[in-house]
Amino acid sequence: MKTRTRFAPSPTGYMHIGNLRTALYEYLIAKANNGDFILRIEDTDQKRYVEGATDIIYNTLKTVGMNWDEGPDIGGNYGPYVQSERRSIYAEYAHKLVELGGAHYCFCSKSEADEEKNDELNIKFKDPCKLISLAEAKKRVAAGEPYVIRQTINKKGKSKYHDEVYGDIEIDYDELDEGVLLKSDGFPTYNFANVVDDHLMQITHVVRGNEYISSTPKYNLIYEDFGWQHPQYVHVPPVMKDAQHKLSKRNGDASFQDLVAKGYLPEAIINYIALLGWNPGNDEEIFSLDDLKKIFSIERLNRSPAIFDITKLTWMNGCYIRALSPEKFHELALPYYKDMPSNVNLTALSSVLQPRVETLADISSQADFIQEMPEYNLELYSNKKMKTDALIAKANLPAVREILSAQNDWSNEALFESMKALAEKLGVKNGQILYPTRIALSGKETTPGGATEIAVILGKEETLKRLDNAIQKLS
RNA sequence: GGUCCCAUCGUCUAAUGGUUAGGACAUCACCCUUUCACGGUGGUAAUAUGGGUUCGAAUCCCGUUGGGAUCACCA
């Protein structure tokens with residue numbers, strides 16, 4: 001049987017990192033087995049529907065390269081792939097389930113149900129409507145009385161199923177709740193829709209958060225009542241913000257699109273989250289999506305929650321940035337150069353920046369001095385190791401200015417040679433020339449690149465101008 | 001509270017009865033160096049806890065503690 005997995009997000013307008021990881025695992029399970037990855041939109045809760053949310057889902061999956069084989073936009077043999085377009089299907093199966101004895105009509109109002117149960121005394125909702133005969137219930141339905149369809153659980157003893165990650169799970173049938181399957185608005189709940197859809201769409205592996213572990217027996221009961229075989233279950237632990245809290249929109253935690261906006265590369269994000277709950281069994285940790293397709297296995301999935309560590313993602317993102325071709329990096333950096341003066345050597349800037357930034361957003365903070373010379377204190381000229389200070393700067397900078405104004409070859413190598421020659425001629429250390437020059441050109445304690453590299457980036461005109469200003473400031 | 005799940009360095013994790021408990025991030029030190037990075041070398045740092053089982057336990061079993069999930073006409 002062909003492996004088929006599905007990613008079934010509800011369109012709430014936010015691509016959660018945990019969700020994306022689930023999608024990744026679903027995608028990888030399918031692709032590692034030459035199977036199909038299906039996209040299904042679970043929009044049965046109209047209250048939570050957010051306009052444009054499906055586009056975020058599409059765009060995210062596309063930018064990371066997780067292409068789906070069937071979905072709302074491209075169709076497939078098992079559509080429609082949007083649950084709100086499948087209402088008649090759920091209604092049909094829900095009524096059928098009633099006939100099969102797996103569910104019953106319930107006429108209680110929501111408040112009646114709430115009143116009945118008592119969390120503190122651990123009293124579960126006992127539906128009085130279970131006692132209504134099917135004939136009577138049908139009559140009331142036909143008369144137009146509002147109703148829901150509730151699951152009927154009469155089984156006793158222990159339910160048992162196997163989870164690919166957590167092993168054998170045993171839960172007493174008494175613990176199971178006779179939940180609503182079809183709401184009074186005619187929409188199904190997740191509890192019902194996912195079973196019907198997963199069966200109809202021939203999903204072989206259901207991958208989802210481990211919060212579903214304890215409700216899975218209810219779903220299995222529905223499969224049983226219909227005489228269907230249930231899929232294999234792959235419950236995965238949550239991705240955490242810290243030891244106590246899941247990553248969530250409510251906490252204001254970063255979504256995929258937030259991370260991209262902060263200068264993280266989609267490839268790095270995917271690589272990092274793949275390792276949050278899965279490992280290849282060796283010490284390697286840099287993987288492309290294609291690599292992952294080849295080596296992913298369900299057996300190496302972890303059972304315990306993993307904390308999302310932005311520091312490690314940042315490191316990994318730095319690895320990906322350094323691995324970029326200089327051209328590609330330059331292309332990605334371009335948007336951050338929007339406000340740069342036109343005479344700046346952007347190619348040179350990119351080449352000094354590439355090994356120094358960990359996220360694209362670092363570009364702005366590292367290159368800010370190029371746009372505009374910052375205010376700085378003369379103290380900056382002091383450096384013990386370089387044996388230099390403002391006095392030495394004052395003494396040497398005029399000579400630097402002189403030699404550079406005569407400089408024709410404005411390459412880094414040529415500039416460096418000239419500066420070295422100058423130091424030798426003056427009988428001072430290289431650092432006593434280079435350090436003050438760097439400060440004069442940047443006004444910053446740390447810069448991407450040394451004095452001559454900055455000079456190349458700024459260009460001759462701007463370099464001389466900044467030297468003049470520095471000399472004036474020092475006098 | 002009932003039920004279910006989880007527990008190795010600060011973090012992600014490896015070690016599926018026998019290892020000096022390994023790697024990565026972070027951190028610290030040193031080297032490289034035209035500041036800062038990059039790169040290189042080395043260090044600090046973990047089996048929650050108490051009992052078993054066994055020649056031998058991070059690993060198997062039981063208890064304890066801690067954490068999480070679930071008990072919606074949300075998914």
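This structure is a prediction, so every number in the text was calculated from the model and none was measured.
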Acceptor/donor pairs from residues 430-437 of chain A side chains to any protein atom, 3.5 angstrom cut, sequence neighbours excluded:
{"from": "A:Gln432", "atom 1": "OE1", "to": "A:Lys429", "atom 2": "N", "distance (Å)": "3.0"}
{"from": "A:Gln432", "atom 1": "NE2", "to": "A:Lys387", "atom 2": "O", "distance (Å)": "2.7"}
{"from": "A:Tyr435", "atom 1": "OH", "to": "A:Asn383", "atom 2": "ND2", "distance (Å)": "3.3"}
{"from": "A:Thr437", "atom 1": "OG1", "to": "A:Ile433", "atom 2": "O", "distance (Å)": "2.6"}

For residues 444-454 of chain A, run the donor-acceptor check on the side chains, cut-off 3.5 Å, and write out each pair with its distance to 0.1 Å, sequence neighbours left out.
{"from": "A:Lys444", "atom 1": "NZ", "to": "A:Ser365", "atom 2": "O", "distance (Å)": "3.0"}
{"from": "A:Lys444", "atom 1": "NZ", "to": "A:Asp368", "atom 2": "OD1", "distance (Å)": "3.0"}
{"from": "A:Thr447", "atom 1": "OG1", "to": "A:Arg438", "atom 2": "NH1", "distance (Å)": "2.9"}
{"from": "A:Thr447", "atom 1": "OG1", "to": "A:Gly449", "atom 2": "O", "distance (Å)": "2.9"}
{"from": "A:Thr452", "atom 1": "OG1", "to": "A:Asn412", "atom 2": "OD1", "distance (Å)": "2.5"}
{"from": "A:Glu453", "atom 1": "OE1", "to": "A:Gly450", "atom 2": "N", "distance (Å)": "2.7"}

List, one per line, each side-chain donor-acceptor pair under 3.5 Å for residues 299-306 of chain A, sequence neighbours excluded.
{"from": "A:Arg300", "atom 1": "NE", "to": "A:Asn279", "atom 2": "O", "distance (Å)": "3.1"}
{"from": "A:Arg300", "atom 1": "NE", "to": "A:Asn279", "atom 2": "OD1", "distance (Å)": "3.3"}
{"from": "A:Arg300", "atom 1": "NH2", "to": "A:Asn279", "atom 2": "OD1", "distance (Å)": "3.2"}

Query raised in the report: Which letter, B, S or -, goes with each nucleotide of nucleotides 57-68 of chain B from 5' to 3', with contact meaning a protein heavy atom under 4.0 Å?
Result: ----------SS

Report task. Go along nucleotides 22-30 of chain B 5' to 3' and tag each nucleotide: B for a protein heavy atom under 4.0 Å from its base, S when only backbone or sugar atoms are that close, - otherwise. Result -> -SBSS----

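If you check every strand for non-hydrogen atoms under 4.0 Å, A:Glu170 touches sugar and phosphate atoms only. Heavy atoms of A:Asn412 sit under 4.0 angstrom from at least one base atom. Within the 4.0 angstrom heavy-atom criterion, only backbone atoms of the sugar-phosphate kind lie near A:Gly277; the bases stay farther away. Looking at heavy-atom distances under 4.0 Å, A:Tyr212 makes contact with a base. Backbone-only contact: A:Met386 has heavy atoms under 4.0 Å from sugar-phosphate atoms and none from a base. If you check every strand for non-hydrogen atoms under 4.0 Å, A:Asn282 touches nothing. Residue contacts shown for A:Thr452 include a base, since a base heavy atom lies under 4.0 Å away. When heavy atoms are screened at a 4.0 angstrom cut-off, A:Lys444 is found touching no nucleic acid atom at all. Across all strands shown, A:Asp45 has heavy atoms under 4.0 Å from sugar-phosphate atoms exclusively, and none from any base. Heavy atoms of A:Ser184 sit under 4.0 angstrom from at least one base atom.
A donor and an acceptor atom sit less than 3.5 Å apart, one in the side chain of A:Arg356 and one in the base of B:C36. In terms of polar N and O atoms assigned as donor or acceptor, the side chain of A:Arg438 comes within less than 3.5 Å of the base of B:U35 in a complementary pairing.
The salt bridge (Lys or Arg N to Asp or Glu O under 4.0 Å) analysis of residues 395-404 of chain A, with sequence neighbours excluded, yields the pairs A:Arg401-A:Asp468.
Ring-plane geometry between A:Phe296 and A:Trp278 is classed as parallel, the angle between the planes falling under 30 degrees on a 0 to 90 degree scale with a further cut at 60. Relative orientation of the A:Tyr190 and A:Tyr212 rings is tilted, given thresholds of 30° and 60° on the angle between their planes. Using a 30° and 60° split on the angle between ring planes, A:His235 and A:Tyr161 fall in the perpendicular class, above 60°. By the 30° and 60° cut-offs, the orientation of the rings of A:His16 relative to A:Tyr14 is perpendicular.
The side chain of A:Ile171 approaches B:C4 more closely than any other nucleotide in the set B:C4, B:A75, B:C6. For A:Ile213, the side-chain atoms get nearest to B:C4 when compared with the rest of B:C73, B:A69, B:C4. Of the candidates B:C36, B:U34, B:A75, the closest approach to any side-chain atom of A:Ala451 belongs to B:U34.
A:Thr44 and A:Tyr90 form no side-chain donor-acceptor contact under 3.5 Å, judged by distance and modelled atom types alone.
In this entry the distance linking CG of A:Asp389 with C1' of B:U35 reads 16 Å, nearest Å.
Each of A:Lys218 and A:Leu434 has a nearest nucleotide on RNA chain B; the 5'-most of these lies closest to A:Leu434. Judged by closest nucleotide on RNA chain B, A:Leu276 is the one of A:Ser10 and A:Leu276 placed further toward the 5' end.
Phosphate contact (OP1/OP2 of B:G39, side-chain N/O of A:Arg322, threshold under 4.0 Å): present.
By the 5.5 Å and 30° criteria, A:Tyr435 is not stacked with the base of B:U34.
Ion pairing between A:Glu462 and A:Arg466 holds under the 4.0 Å rule for side-chain N and carboxylate O.
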